[in-house]
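Reckoned from all heavy atoms, side chains included, excluding hydrogens, waters and symmetry mates. The first residue of the sequence shown is numbered 1, and numbering continues consecutively from there.
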Amino acid sequence: MRLVSSSFLSSIRFPFSWARGALPALVGACCALAGVAAQAACPPSAIGSLERSRSSSDQRSGADRGLLWRIEKDGRTSWLYGTIHLGRAPWLRPGPTVQRALGQSDALALEIDVRDPAAMKPLTQPADPALVARLLSGERARRLARQNEIACVTPGANATLQPILQVTALTGLAGRADGLYPDFGIDEMLAVWARNANKPVFALENPAAQLEMLTGGSEEEEAAQIDSALDELESGQLRAQLKELADAWGRSDLARLARYPEWCDCMRTPAEQRLMTRLLDDRNPILAAGIARMHDGGQRVFAAVGALHMIGAQGLPTLLAAQGFTVTEVLPGERGTLPAAAEEPEAEAAAAPPVRSARGSRSAKAAPVRGKAGARAAAPAKGTKAAPKGAKPAAKAPAKSAAKPAAKTPAKPAASKTRR
């Protein structure tokens with residue numbers, strides 16, 4: 001079976017042959033899992049890449065990247081941001097539009113919070129040695145060892161992990177030659193920013209549930225996914241796919257990302273199609289329910305999940321519109337037009353100097369899309385984290401905001417797509 005990407009990363013978390021689907025699910029987990037040895041023949045390290053980028057204009061100024069929607073309901077504005085789970089050093093700093101949206105939010109919601117040791121335990125605890133022996137033996141073990149050697153992973157560094165995670169750690173390293181590192185994953189950068197700004201960080205999913213999704217619930221499915229991942233690592237296809245996906249994200253190319261199933265070459269078999277469904281369609285309602293629950297609890301939430309969760313009829317913008325949110329495309333649609341709010345907190349992105357948000361920009365007149373009026377949010381799904389205890393109730397009147405509310409338009413059916 002072919003690899004699927006990780007939405008991305010994909011979160012970038014990207015479905016579509018194996019690794020690209022797994023990466024989005026694990027967000028930055030692969031960064032924490034892989035032990036990389038420093039050798040002359042190895043790809044440049046993340047630290048080396050960061051040092052080289054410090055003097056670049058991109059690192060100094062920051063540019064808007066990725067996909068951003070404004071979602072409004074009950075007089076409050078929240079945000080939906082499509083991320084990628086790998087990144088380049090110049091991407092560490094959010095662009096001005098994203099910075100202002102972050103500053104106007106009360107909390108950050110991620111797929112999972114890789115900085116929460118308790119939550120990450122299911123992904124880092126030792127696997128059953130008998131399972132590892134059954135799935136990683138013979139020719140498959142030799143192939144995995146060869147890929148670890150090529151990736152400069154210290155021998156035995158990941159040997160006790162769940163077999164599927166041993167391969168996932170490698171897929172996260174495949175883009176280093178092109179300047180892409182799990183260390184610079186956008187989700188991770190946002191988590192650092194939020195904590196520096198004293199904003200709470202919440203997880204929308206349960207890592208244990210993500211692991212079950214990756215394994216497919218059976219040893220046979222897990223073995224097939226491992227073989228597919230090794231195929232793509234050996235052929236070099238994974239590296240090429242990661243670069244194309246990252247480049248599309250970096251230029252906020254929503255049209256290209258929306259056509260991902262057409263060019264990923266990752267849905268040729270029933271097994272690949274099942275994996276795509278598990279990675280995206282089965283998770284999106286859970287993610288949407290968690291975002292809606294936090295917003296309905298009185299918080300202005302900045303929800304950052306893999307960009308591939310945004311596309312299609314089952315994408316998060318469409319699902320949230322069906323739950324009564326007014327959903328308006330900001331990036332790429334209104335690039336640079338988000339008005340600044342008064343008293344925005346100044347925070348420093350990971351390994352980057354602080355940047356002040358630009359002020360005085362005017363709001364663009366974009367045509368929002370109405371979801372079904374009064375639609376009830378999906379029931380809380382198992383594994384999602386509810387809004388924190390004591391959250392303020394939904395405001396009875398529109399909250400004060402520097403951003404003007406979007407103009408009302410006729411209600412759209414639940415299945416309709418959001419418009420620019």
Side-chain angles (χ1 to χ4, degrees), residues 5-16 19-20 23-24 27-28 30-31 43-44 46 49-50 52-69 79-102 171-190 192-193 238-260 263-264 302 304-311 315 329-338 349-352 355 420:
S5 105
S6 167
S7 67
F8 165 259
L9 209 272
S10 11
S11 199
I12 205 129
R13 271 214 104 226
F14 330 15
F16 292 84
R20 297 184 298 267
L23 282 180
V27 187
C30 51
C31 173
S49 175
L50 181 61
R52 286 194 298 274
S53 74
R54 283 189 184 280
S55 61
S56 72
S57 58
D58 275 351
Q59 181 71 17
R60 291 196 302 269
S61 62
D64 284 319
R65 299 179 177 90
L67 311 175
L68 181 67
W69 285 263
W79 306 92
L80 183 63
Y81 187 48
T83 67
I84 185 170
H85 305 318
L86 299 178
R88 296 188 169 100
W91 297 357
L92 285 175
R93 171 173 307 185
T97 303
V98 175
Q99 283 193 52
R100 289 193 289 272
L102 284 164
T171 63
L173 302 176
R176 289 176 298 169
D178 299 305
L180 293 165
Y181 296 84
D183 313 64
F184 302 149
I186 305 306
D187 313 76
E188 179 74 355
M189 175 274 294
L190 293 172
V192 171
W193 183 94
L238 177 59
R239 175 185 167 183
Q241 287 281 354
L242 290 178
K243 184 178 185 303
E244 184 168 4
L245 186 64
D247 288 345
W249 183 88
R251 61 177 183 266
S252 299
D253 193 343
L254 175 58
R256 182 64 173 166
L257 292 171
R259 294 195 300 273
Y260 183 78
W263 55 265
C264 69
F302 188 97
V305 300
L308 292 185
H309 289 282
M310 308 297 169
I311 65 176
E329 183 185 311
V330 177
L331 291 176
E334 302 174 31
R335 184 183 295 274
T337 62
L338 180 64
V355 174
R420 294 187 182 181

Item checked: Pro332 versus Leu254, closest heavy-atom pair with distance -> CD-CB, 4.0 Å

Check: Is a donor on one side and an acceptor on the other found under 3.5 Å between the side chain of Gln241 and the backbone of Cys264?
Finding: yes

Margin query: Salt bridge or not between Asp253 and Arg259? Use side-chain N to carboxylate O under 4.0 Å.
Written below: no

Next item on the list: Determine the minimum heavy-atom distance between Pro94 and Val98, stating which atoms define it.
Entry: CB-CG1, 3.9 Å

Item checked: Given Trp79, Tyr81, Trp69, the one that forms ring-ring contact (aromatic ring centres under 6.0 Å, His included) with Phe302 -> Tyr81

Next item on the list: Please check if the side chain of Trp263 supplies one atom and the backbone of Arg256 the other of a donor-acceptor pair under 3.5 Å.
Entry: yes

Note to self: So which atom in Leu86 and which in Gly172 form the shortest heavy-atom distance, rounded to 0.1 Å?
What the structure shows: CD2-O, 3.6 Å

Next item on the list: Measure the shortest side-chain to side-chain distance between Leu92 and Leu50 over non-hydrogen atoms and say whether it is less than 4.5 angstrom.
Entry: yes

Notebook entry, point to check: Arg65 versus Ile186: any side-chain heavy-atom pair under 4.5 Å?
Noted result: no

Check: Do NZ/NE/NH1/NH2 and the carboxylate oxygens of Lys243 and Asp247 come within less than 4.0 Å?
Finding: yes

Notebook entry, point to check: Just wondering, do Leu242 and Thr171 contact through their side chains at under 4.5 Å, heavy atoms?
Noted result: no

Checklist line | Nearest heavy-atom neighbours spanning Leu257 and Ala248 | finding: CD2-CB, 3.9 Å

Checklist line | Heavy-atom pair of closest approach, residues Ala246 and Arg88 | finding: CB-NH1, 4.5 Å

Checklist line | Thr83 side, atom OG1; Met310 side, atom CE - distance, nearest 0.5 Å | finding: 7.0 Å

Notebook entry, point to check: Side-chain contact, heavy-atom cut-off 4.5 Å: Pro43 with Tyr181?
Noted result: no

Notebook entry, point to check: Taking Ser252 for the side chain and Leu67 for the main chain, is one N or O donor matched with an acceptor at less than 3.5 Å?
Noted result: no

Notebook entry, point to check: Which heavy atom of Trp249 sits nearest a heavy atom of Gly82, and at what distance?
Noted result: NE1-O, 2.8 Å

Next item on the list: Would you confirm whether Arg176, through its side chain, and Ala46, through its main-chain N or O, come within 3.5 Å as a donor-acceptor pair?
Entry: no

Margin query: What's the separation between atom CG in Leu308 and atom OH in Tyr260, rounded to the nearest 0.5 Å?
Written below: 6.5 Å

